[in-house]
Amino acid sequence: MGSLESLHWFGPELVLTAALLAVIVVDLVRGRDSGEWPGTVAFVGAAAALVATLCLPGVMGSGGLLGAVPQHWLFGRMLVLDAFSVFFKLLLGLSLLAAVWMSLRSPEVRGRPNEGEYHTLLLGSGLGMFLMASAGNLLMAYLALEFVSLTSYVLTGHLKRNRRSGEAALKYLIYGGVASGSMIYGMSWLFGLTGSMDYAGIAAGVAKLDAGSHGALFVALLLVLSGFGFKISAVPFHMWAPDVYTGAPLPVTTFLAVGSKAAGFALLLRFFAFGITPEGPAAAVTSIPLPQLLAAISIATMTLGNFAALQQTNMKRLLAYSSIAHAGYALLGLVVFRQDGLDAVLLYLATYYLMNLGAFLVVMLVANQTGREDLEAYRGLAWRGGALPAVTLSIFLFSLAGLPPLAGFLGKFYVFAAAIQGHLYIPVVIAVLNSVVSLYYYARVVKVMILDQPSADQPRVSFPVVDLGVVSALSLATTFLVVQFGWLLRTVAEAGRVFRG
């Protein structure tokens, strides 16, 4: 499809680009008197991008939310618009909208002289994630991922006079540079082996490889995985996550934990589903231990994340290790290399959005009131005027642990069921045991909030009604998702139908 014709299907990205430019203009025109105008414009732009995604042809049609979305290759097969990319654009659009809204409520961002720059970078990062969801070949995948990474480095260091924020940004940059270099080197190997950067061309080229090239293919995949693994914070590419989550402003931490991880999985799933897959004629892939490699990464990721979280007393750092563990659970669905496994990953990411966003939002509310992020700030929260935040955070944490009938249980159930059908019995047993381990550190937070009595020097807290309404809505969605679970399953199946050919 030509460039002009492709613009018809490029609406959400165009809206984000326009919003980004509008924030720059507002910031330049109003200068230091801009107040909350940059954030307001950014919020309107993020909401407009979400609406533009819903207005794409085929979305919300008679076939369901994504049932009638056609497949279109845009800009010379650089990007692809299909039900899969629209699913992730909706998820990323919601993540971006939540991040901008949290930024408007956060004293770490609101009222600072560089607020316009911040919202410009935040919208730019969201634009890059939209491109990651639609990337149709290796070049666009790399460019989109780098666009997101570069903006994320700066957002992490937004608190210029905060040593912890600057240190986190530097570590993020160093780890990201190494992962990026490894990934582009692996992509060059893939191009040399297959003669194509297009995913379909890669699959055809891999199928024709002789046995002597299988070792080079395995090395190339290892190098490419370093970039994808970095973005989803999978072991051993996870080392940036705890420090970055702790040092970045809370809205940025939330966006990285929810949006950036979803965009990374969008790249990962499309790459392995279209370019490299053990199914089909690509005998070269079945001759290398790709499923075993991914299974090992999945087990290591969930195990390290959960056991490292056991000793954390900073809530942002605890949720950072929790996020690493959940990347391991989601990877288990990819290891299956079957349709039900891929659908399970999409379902898991949708439920993960609700419970993780809710948890970080409560952490931000408590930090706004107390100025602290450590676990001690939560002692007796339910008895200091924070009963509703304490209850909702308990719901989010128990959902992250996978307790029924919460959304997290449904997500884990389908991932584990797909893995069992794929005969991955040992990884499933390890994943279940890891879920038991995670229950300990989640329950410890609940105990501190509800069962422990506050100390004499801890003042009462009060929260804005709007904030309480948002966390209540997220907790209700996490609790009662089972009522509309059939609708979510159908939506996931529609998004995953592109893998069926």
Side-chain angles (χ1 to χ4, degrees), residues 77-80 88 125 127-154 156 169-203 205-206 213 215-241 244 256 259-277 284-285 288-290 293-294 296-298 300-301 324 327-328 330-331 334-335:
R77 296 184 67 86
M78 293 288 285
L79 298 171
V80 56
F88 274 99
S125 185
L127 174 61
M129 292 179 188
F130 272 51
L131 295 175
M132 286 174 68
S134 295
N137 67 14
L138 291 180
L139 179 59
M140 179 52 68
Y142 177 77
L143 292 175
L145 190 147
E146 278 301 287
F147 187 21
V148 173
S149 296
L150 291 173
T151 52
S152 299
Y153 303 152
V154 185
T156 300
L170 180 60
K171 289 181 178 179
Y172 198 8
L173 174 63
I174 293 173
Y175 289 138
V178 173
S180 174
S182 300
M183 181 178 65
I184 195 67
Y185 188 45
M187 287 179 173
S188 70
W189 277 44
L190 274 179
F191 178 72
L193 288 168
T194 63
S196 176
M197 301 190 74
D198 185 90
Y199 289 163
I202 291 173
V206 166
S213 301
L217 175 64
F218 184 65
V219 172
L221 292 180
L222 278 176
L223 293 170
V224 172
L225 271 174
S226 66
F228 294 159
F230 167 78
K231 190 50 64 178
I232 66 172
S233 60
V235 172
F237 318 107
H238 69 286
M239 293 175 285
W240 62 274
V244 170
L256 293 176
S260 183
K261 193 177 294 290
F265 269 101
L267 272 184
L268 190 66
L269 292 175
R270 194 180 290 277
F271 175 75
F272 280 103
F274 289 111
I276 305 291
T277 173
V285 179
I288 61 176
L290 179 61
L293 170 66
L294 291 173
I297 292 176
S298 172
T301 301
I324 292 172
L331 274 174
L334 176 62
V335 177

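- Looking only at distances, no side-chain donor or acceptor of Trp240 sits under 3.5 Å from a matching main-chain atom of Gly176.
- How far CZ of Phe272 is from CG of Leu221: 6.0 Å, rounded to the nearest 0.5 Å.
- Here Ser149 pairs with Lys231 under the side-chain hydrogen bond (donor to acceptor under 3.5 Å, both in side chains) rule; sequence neighbours left out.
- The two residues Ala262 and Phe88 come nearest to each other via the heavy atoms O-CE2, 3.2 Å.
- The line from CZ of Phe147 to CG of Leu131 is 7.5 Å long, rounded to the nearest 0.5 Å.
- Residue Leu190 holds its CG atom at 10.0 Å from OH of Tyr199, rounded to the nearest 0.5 Å.
- Evaluation of the salt bridge (charged side-chain N to carboxylate O under 4.0 Å, His left out) test over residues 172-200, restricted to residues two or more places apart or in two chains, returns Arg77-Asp198.
- In this structure, Ile297 CD1 and Ile232 CD1 are separated by 8.0 Å, a value rounded to the nearest 0.5 Å.
- Looking at residues two or more places apart in sequence or on another chain, you find a side-chain hydrogen bond (donor to acceptor under 3.5 Å, both in side chains) between Tyr142 and Ser180.
- Ring orientation note: the planes of Tyr153 and Tyr172 are nearly perpendicular, at an angle over 60° on the 30°/60° scale.
- Shown here are the ring-ring contact (aromatic ring centres under 6.0 Å, His included) partners of Phe228, two or more places apart in sequence or in another chain: Phe271.
- Between Thr301 and Gly328, the shortest heavy-atom contact is CG2-N, 3.5 Å.
- Within the 4.5 Å cutoff, the side chain of Leu334 has heavy atoms near those of the Leu269 side chain.
- In terms of heavy atoms, His238 sits closest to Ser233 at CB-O, 3.7 Å.
- Separating the CD atom in Glu146 from the OG atom in Ser152 is a distance of 10.5 Å, to the nearest 0.5 Å.
- Residues Leu145 and Gly227 share a closest heavy-atom pair of CD1-O, 4.1 Å.
- In terms of heavy-atom proximity, Leu331 sits nearest to Ala234 at CD1-CB, 4.0 Å.
- Pairing each heavy atom of Ala169 with each of Thr156, the nearest pair is N-CG2, 3.7 Å.
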*I would like to know whether Leu138 and Val224 meet side chain to side chain contact (heavy atoms under 4.5 Å, CB included); could you show each step before the answer?*
CA-CA 10 Å; Leu138 291 180; Val224 172; 5.6 Å; no

*Passes side chain to side chain contact (heavy atoms under 4.5 Å, CB included), Leu217 versus Trp189? Steps please.*
CA-CA 8 Å; Leu217 175 64; Trp189 277 44; over 6 Å; no

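- For the side chain to side chain contact (heavy atoms under 4.5 Å, CB included) criterion with Ser125, the lone passing option out of Leu256, Val148, Val154 is Val148.
- When the side-chain hydrogen bond (donor to acceptor under 3.5 Å, both in side chains) test is applied to Ser260, no partner is found at least two apart in sequence or on another chain.
- Remark: Leu223 engages Ser182, Tyr185, Val219 in a side-chain contact (heavy atoms from CB on, under 4.5 Å) (not counting sequence neighbours).
- Considering CE of Met197 and CE of Met187, their distance stands at 7.0 Å, rounded to 0.5 Å.
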